[in-house]
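All of these numbers come straight from a predicted model, not from anything done at the bench. Just so you know, these numbers use all the heavy atoms, side chains as well, and skip hydrogens, waters and symmetry mates.
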Protein chains: 2
Amino acid sequence: MDSVTPASRPVSGDSSITRVLGVLDLFTPETPVWTVDMLVVRLGVGRATVYRYVRALCDAGFLVPVAGAGYVLGPRFIEFDRSIRLADPLLHIVPPVMAELRDVVNGGQLLCAFYGLRVLTVLQDKTDPNITMSMERGRPFPLFQGSPSRVILAHLPTYQLRNLALNQQAEIAAAGLGENWADFRDGLRAIRRAGYLAASDIDKALVGISAPIFHAPGAVAASLCLVRTREGLTAADEAFLGGVAVEACKRISAELQAFRPGEGAAFPISRVR
Amino acid sequence: MDSVTPASRPVSGDSSITRVLGVLDLFTPETPVWTVDMLVVRLGVGRATVYRYVRALCDAGFLVPVAGAGYVLGPRFIEFDRSIRLADPLLHIVPPVMAELRDVVNGGQLLCAFYGLRVLTVLQDKTDPNITMSMERGRPFPLFQGSPSRVILAHLPTYQLRNLALNQQAEIAAAGLGENWADFRDGLRAIRRAGYLAASDIDKALVGISAPIFHAPGAVAASLCLVRTREGLTAADEAFLGGVAVEACKRISAELQAFRPGEGAAFPISRVR
DNA sequence: TTTAATTTTCTCATAATGCGGGAATGATTT
DNA sequence: AAATCATTCCCGCATTATGAGAAAATTAAA
């Protein structure tokens, strides 16, 4: 006991790369600035190690030092988001469609993209000029909640649904999508038959009416969600907007599939681990 | 020679973390899809290693598998960009100012933020409705070219400028900002005295008139750039727009400094290596 | 400009973890 | 349902990440 054990690491199961990338998750809108000392405490590693992590992330542009001390998220995220936007055919095709629909919808419109196990807003069309629409891109949706997610879910290939049912059955049950594979599958088939899904499960004051967008026959890429306030919305209104959404998505899908051969656009798939 | 040497790595000087993060740089708008085999060739490492890299990046959401084979940039970049937008006080303050200026400028407006050694467009106000403004956020500017960059440069602290002059003298000379420290410093002082900078060095058909925005007295955070077509722009017009930019930036800076105490907003500094 | 308080990098021995090659598993299309 | 992929797992070896403290550089003040 006369000598301290040197160079013992915090024996975590994940790799060094995972630990470094995990640092970025700490930088949230609530806690946008982290100092080295804060990271030493939070990560439970030595100061030199934190400096190594931070330096690697700074060199890559994922962090930037701020005046005094501390770091914030860096410019590479902004650049990469632009890179994604430039390569995304949906962002070329959908805006004019949203502009056409604006008056008939008279509410809001969301384009939600499918990213493997995640669905997120990629584009929003404002009706209310007070709302800063640019803040919505990047808002995540739970996979099993909200009409945008669930209408995408409903059109996934069967074997992907089987995997989901096996690996995420707790979440599926919690979202009320069925206690077993048969319930889950049948519920989704009903959505598929209807062609669209109206739901009010995220914001109770709003109703979202979503239809799927396909990048190839039978392959969902995204969903268009028409948003209306719940009060005063009749069943007839809902059906009407459903038809509007389905028709718009049909056009978008057609353009998307015509667009694709020209460019190497590719769309994410779900891979359950 | 009867046995191959096992487990020899591509003896590169940089760490594993740097190599993994470097993978992301390959995903550009020109080459948005990379397969594992392409990466094996490009990186010169084993297939198992590439799979390890790709898996770590997928787990972090920086890559997503696409149908068939291959990977594209993942949703985390979109989410992080949103996180940055939500934490950025400039994006709350500047849009209404840009709206006010729209008619008097009658051209374009750029808000360019300073990110250490990088300047990039963070917000754009359109005049021409044909231009998709959302694609401009994330466009990088060379540090020593363009009025947005150079007007920021002109207001950096002296010691930061000394560092730049020492470490980047080739780039500085190439941009015509002076062959030595004295020339460089005097040129920037002239910009500082004028209060704004008009230049036409990036797009020869356009003139950019930029003024600095401060997050604290003497601490530049960004610049506002008013853009006009060069033809038919008189010296008087230029001076007028310069005054408009300076006045607008003064207001923005005041709001920014009033805003700051309430929230933990922090602004990047330049750190030359 | 010079000085003093920081923050950041460097040095080093140690052992933990990433590395390649090949087999086993898993997923997806016909 | 079977065949063809893409992906993960296994394992010995050595490269390379690690913590503590010293040295250097950076920033803010005088």
Side-chain angles (χ1 to χ4, degrees), chain A residues 3-20 34-40 43-56 58-59 63 65-71 116 156-164 166-167 216-219 269-273, chain B residues 3-20 34-40 43-56 58-59 63 65-71 116 156-164 166-167 216-219 269-273:
Chain A
S3 162
V4 287
T5 52
S8 74
R9 31 168 45 223
V11 219
S12 54
D14 34 73
S15 68
S16 162
I17 295 159
T18 304
R19 284 196 298 275
V20 176
W34 284 81
T35 65
V36 170
D37 285 320
M38 287 163 72
L39 291 172
V40 167
L43 300 174
V45 298
R47 186 169 273 92
T49 301
V50 169
Y51 272 110
R52 258 191 299 266
Y53 287 3
V54 160
R55 194 197 214 293
C58 282
D59 288 347
L63 290 180
V66 297
Y71 297 83
L156 288 181
T158 312
Y159 49 86
Q160 288 192 8
L161 290 178
R162 280 198 83 96
N163 281 339
L164 285 172
L166 283 171
N167 296 61
I269 60 172
S270 158
R271 186 172 295 158
V272 185
R273 305 193 186 282
Chain B
S3 163
V4 288
T5 53
S8 74
R9 32 170 42 222
V11 220
S12 55
D14 34 70
S15 66
S16 162
I17 296 159
T18 305
R19 283 197 299 275
V20 175
W34 284 80
T35 65
V36 170
D37 286 321
M38 288 164 71
L39 291 172
V40 167
L43 299 174
V45 297
R47 186 170 273 92
T49 302
V50 169
Y51 272 110
R52 258 191 298 264
Y53 287 3
V54 159
R55 193 195 213 296
C58 283
D59 287 348
L63 290 181
V66 297
Y71 297 83
L156 289 182
T158 311
Y159 50 86
Q160 288 193 9
L161 289 179
R162 279 199 83 96
N163 281 339
L164 285 173
L166 284 171
N167 297 60
I269 61 172
S270 157
R271 186 171 294 159
V272 185
R273 306 196 183 280

To the nearest angstrom, the CD1-C1' distance between I17(A) and dT18(D) comes to 16 Å
To the nearest angstrom, the CG-C1' distance between D37(A) and dA5(C) comes to 15 Å
d(R47(A) CZ, L39(A) CG) to nearest 0.5 Å is 11.0 Å
Exercise for the section: Check whether any side-chain nitrogen or oxygen of Y51(B) sits under 4.0 Å from OP1 or OP2 of dT7(D), and answer yes or no. Expected result: yes
Between Y71(A) and V36(A), the two heavy atoms sitting closest are CE1-CG2, 3.8 Å
Open item on the list: Does dT9(C) have OP1 or OP2 under 4.0 Å away from a side-chain N or O of R55(A)?
Closed with: yes
Shortest non-hydrogen pair, V45(B) vs V40(B), comes out as O-CG1, 3.4 Å
**Prompt:** Does dA17(D) have OP1 or OP2 sitting under 4.0 Å from an N or O in the side chain of Y53(A)?
**Reply:** no
Worksheet item: For V36(A), which contact category applies under a 4.0 Å heavy-atom criterion: base, sugar-phosphate, or nothing?
Response: sugar-phosphate
Side-chain atoms of Q160(B) come closest, of dT27(D), dG18(C), dT18(D), to dT27(D)
Tightest non-hydrogen contact, residues I17(A) and A56(B), listed as CG2-CB, 3.7 Å
Q) Is any side-chain heavy atom of R19(A) less than 4.5 Å from a side-chain heavy atom of L43(A)? A) no
Of V50(B) and A67(B), the one whose closest nucleotide on DNA chain C sits nearer the 5' end is V50(B)
Between CZ of R162(A) and P of dG26(C) the distance, given in whole Å, is 15 Å
Comparing R47(B) with P157(B), nearest DNA chain D nucleotide closer to 5' gives the residue R47(B)
When rounded to whole Å, the CD1 to P distance for the pair I269(A) and dA27(C) reads 11 Å
Judged by nearest nucleotide, the residue sitting upstream toward the 5' end of DNA chain D, N163(B) or G70(B), is G70(B)
Rounded to whole Å, the CH2-P distance (W34(A) to dT8(C)) equals 16 Å
_OP1 or OP2 of dT18(D) versus the side-chain N and O atoms of R19(A): is any pair under 4.0 Å?_
yes
Considering only heavy side-chain atoms of A48(B), the closest of dG21(C), dT8(D), dT27(D) is dG21(C)
Judged by nearest nucleotide, the residue sitting upstream toward the 5' end of DNA chain C, A69(A) or R52(A), is A69(A)
From CG of L39(B) across to P of dA6(D) the rounded distance in Å is 13 Å
Q. Side-chain N or O of Y71(A) less than 4.0 angstrom from OP1 or OP2 on dT8(C)?
A. yes
Ignoring backbone atoms, establish whether Y159(A) has a side-chain N or O less than 4.0 Å from OP1 or OP2 of dA27(C).
no
